[in-house]
Peer 1: 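My questions all concern the structure below.
Below, chain A is the first sequence line, B the second, and so on; all start at residue 1.
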2 protein chains.
Amino acid sequence: MDHRTQQRVEEMRSSLSSLGVAITRRRAKMLEILASTDRHPSANELHAEVRRWYPSTSLATVYNTIDLLKEAGQILELEFSASANRYDGRRPASHPHLVCISCQSIEDMDDPHDPGARALDRLSHATGYRLVRQRTDYYGICPACQLQEYDTTTPPAPDASLTPQPASSGKASFP
Amino acid sequence: MDHRTQQRVEEMRSSLSSLGVAITRRRAKMLEILASTDRHPSANELHAEVRRWYPSTSLATVYNTIDLLKEAGQILELEFSASANRYDGRRPASHPHLVCISCQSIEDMDDPHDPGARALDRLSHATGYRLVRQRTDYYGICPACQLQEYDTTTPPAPDASLTPQPASSGKASFP
DNA sequence: GCGGTTTTTAGAATCGTTCTAATTTGTTAG
DNA sequence: CTAACAAATTAGAACGATTCTAAAAACCGC
């Protein structure tokens with residue numbers, strides 16, 4: 001785990017702690033997963049991943065932890081109605097994304113026109129709303145998918161898992 | 001129906017026509033409703049409204065018409081995962097909205113920093129994506145809800161319906 | 001009016017998410 | 001170590017929005 005990830009996990013941990021909840025092993029693992037991927041996993045993907053370490057983990061626990069993180073302002077939820085919501089645990093503050101409408105990948109974007117928190121304030125004044133967050137996403141076909149459009153030979157890339165192997169299949173299975 | 005609305009209905013009509021589908025009475029009514037409200041109705045609200053004229057209308061028809069309009073690029077779908085999607089039939093091109101997280105109202109916004117189609121092109125080049133649309137929304141508490149926060153006496157405003165009365169309850173009920 | 005196509009309908013099915021009640025785990029005091 | 005209590009977790013039911021399906025109804029050109 002690199003430094004940035006480590007640090008991010010620490011942030012999430014202490015945020016959850018000051019919320020008054022315990023950092024259980026499952027929760028700790030989820031923080032780790034969320035902090036170390038830029039793939040914006042869905043609840044299901046997160047579930048599959050935690051299960052590699054704690055196979056008895058239920059989906060309810062995953063949603064429960066996500067809710068806590070939302071409450072703590074430590075996760076950004078990207079809502080989709082046509083598919084599962086996606087989560088960004090690395091950059092919990094509003095920021096724009098590039099969404100591929102073909103392969104469903106989501107990339108962080110460094111906003112060209114980013115208003116940022118400053119601009120939210122300005123807009124709040126201008127509109128009379130008390131604005132708390134914003135969402136900006138760009139939808140299109142990502143470069144990889146564009147290539148494959150004309151290439152009938154390349155099979156779609158297999159989905160890599162989000163984190164390295166659990167130590168062994170027997171060991172941590174029943175925490 | 002004012003001029004702008006009339007005109008918008010015409011646009012939608014001809015778009016649907018060139019898609020090769022019939023403009024049935026139900027569909028015509030839906031266009032009218034969509035063109036004449038700025039309240040960004042959900043499929044359900046739309047359904048309730050069409051039912052005032054054609055009480056036998058099923059929800060499937062509403063979704064079906066919405067799909068046609070999407071195909072024709074004549075409606076903007078605002079996706080929400082926690083509640084029903086909302087639709088903007090007046091301005092089908094991407095544009096920003098103010099979303100009240102308390103009363104769920106949605107207002108069109110005139111974008112302060114609007115990139116617009118021009119900027120989508122620019123971004124497409126910059127990112128390598130073939131971008132087709134964008135979404136920008138601001139979430140917060142609207143002025144009306146802010147007032148009511150401290151006012152325990154004001155009852156929430158009753159939801160007005162989207163369009164004027166159907167002529168009579170008996171007449172057009174069974175098209 | 002007739003045959004063929006399109007539209008509409010009611011209700012079933014689906015999918016992501018939330019809820020519920022029961023069980024397990026963890027903690028603290030004795 | 002153990003009883004008693006609180007917090008976390010589980011499996012599965014429930015839910016709500018949307019999509020699908022098969023059958024009925026409406027429409028069209030002749």
Peer 1: What is the separation between atom CG on Leu16(A) and atom P on dA8(D), rounded to the nearest whole Å?
Peer 2: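 My rounded result for the distance is 10 Å.
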
Peer 1: Tell me the interatomic distance from Arg86(A), atom CZ, to dT17(C), atom P, rounded to whole angstroms.
Peer 2: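 Rounded to the whole Å, the gap is 11 Å.
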
Peer 1: Which part of the nucleic acid, if any, lies within contact of Thr24(B), taking any heavy atom under 4.0 Å across all strands shown: a base, the sugar-phosphate backbone alone, or nothing?
Peer 2: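 Sugar-phosphate: the residue Thr24(B), judged by heavy atoms under 4.0 Å, touches backbone atoms but no base.
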
Peer 1: How many whole angstroms separate atom CD of Glu79(B) from atom P of dG16(C)?
Peer 2: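 Going from Glu79(B) (CD) to dG16(C) (P), I get 14 Å.
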
Peer 1: Reading DNA chain C from 5' onward, which residue's closest nucleotide shows up sooner: Arg27(B) or Glu77(A)?
Peer 2: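 Result: Arg27(B).
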
Peer 1: Tell me which nucleotide among dT7(C), dA17(D), dT9(C) gets nearest to the side chain of Ala22(B).
Peer 2: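 Given the options dT7(C), dA17(D), dT9(C), the side chain of Ala22(B) is closest to dT7(C).
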
Peer 1: Between Asp88(A) and Arg86(A), does at least one N-O distance fall below 4.0 Å, as a salt bridge requires?
Peer 2: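 No.
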
Peer 1: Would you confirm whether Gln148(B), through its side chain, and Cys145(B), through its main-chain N or O, come within 3.5 Å as a donor-acceptor pair?
Peer 2: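 Here the side-chain-to-backbone pair does not exist.
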
Peer 1: Can you check the Glu45(A) CD to dC15(C) P distance for me, whole Å?
Peer 2: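 One finds 16 Å between P of dC15(C) and CD of Glu45(A), rounded.
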
Peer 1: Output the rounded distance in Å from CD1 (Ile66(B)) to P (dT19(D)).
Peer 2: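 In whole Å, dT19(D) P and Ile66(B) CD1 are 9 Å from each other.
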
Peer 1: Nearest to the side chain of Arg26(A) - dT17(C), dT18(D), dT9(D)?
Peer 2: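 Closest of the options to the side chain of Arg26(A): dT9(D).
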
Peer 1: Short question: side chain of Thr5(B), backbone of Met1(B) - any donor-acceptor pair under 3.5 Å?
Peer 2: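 Not at all, since once roles are kept as given, no pair shorter than 3.5 Å links the two residues.
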
Peer 1: Can you identify which nucleotide, out of dT8(C), dG16(C), dG26(C), has its nearest atom closest to the Arg25(A) side chain?
Peer 2: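 So the nucleotide nearest the side chain must be dG26(C).
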
Peer 1: Rounded to whole Å, how long is the line connecting atom CG of Asn85(A) with atom C1' of dT18(C)?
Peer 2: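 One finds 13 Å between C1' of dT18(C) and CG of Asn85(A), rounded.
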
Peer 1: Just wondering, do Val9(A) and Ser36(A) contact through their side chains at under 4.5 Å, heavy atoms?
Peer 2: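 Answer no - side chains too far apart.
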
Peer 1: So, is Tyr63(B) close to the dT18(D) phosphate, meaning a side-chain N or O under 4.0 Å from OP1 or OP2?
Peer 2: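 Yes, Tyr63(B) has a side-chain N/O under 4.0 Å of OP1/OP2 on dT18(D).
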
Peer 1: Within 45° of the ring axis of Phe80(B) and under 6.0 Å from its six-membered ring centre, is that where the NZ or CZ of Arg135(B) lies?
Peer 2: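 Judged by the rule, Arg135(B) and Phe80(B) form a cation-pi pair.
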
Peer 1: Describe the nucleic acid contact of Thr57(B) in one word from base, sugar-phosphate, nothing, applying a heavy-atom distance below 4.0 Å.
Peer 2: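 If one applies the 4.0 Å heavy-atom cut-off, Thr57(B) turns out to touch the sugar-phosphate alone, with no base involved.
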
Peer 1: So which one's nearest nucleotide on DNA chain D is more toward 5', Ala60(B) or Ser83(B)?
Peer 2: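 Taking each residue's closest nucleotide, the earlier one in sequence belongs to Ser83(B).
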
Peer 1: Please work out if Ser42(A) contacts a base, only the sugar-phosphate, or nothing of the nucleic acid, heavy-atom cut-off 4.0 Å.
Peer 2: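 No contact.
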
Peer 1: Atom CG of Asn64(A) to atom P of dA7(D): distance rounded to whole Å?
Peer 2: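 Rounded to the whole Å, the gap is 13 Å.
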
Peer 1: Would you mind telling me which residue lines up with the more 5' stretch of DNA chain D, Lys70(B) or Ser58(A), judged by nearest nucleotide?
Peer 2: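 Closer to the 5' end of DNA chain D: Ser58(A).
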
Peer 1: May I have the distance from Arg51(B) (atom CZ) to dT9(C) (atom C1'), rounded to whole angstrom?
Peer 2: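 Distance check: Arg51(B) CZ to dT9(C) C1' gives 10 Å.
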
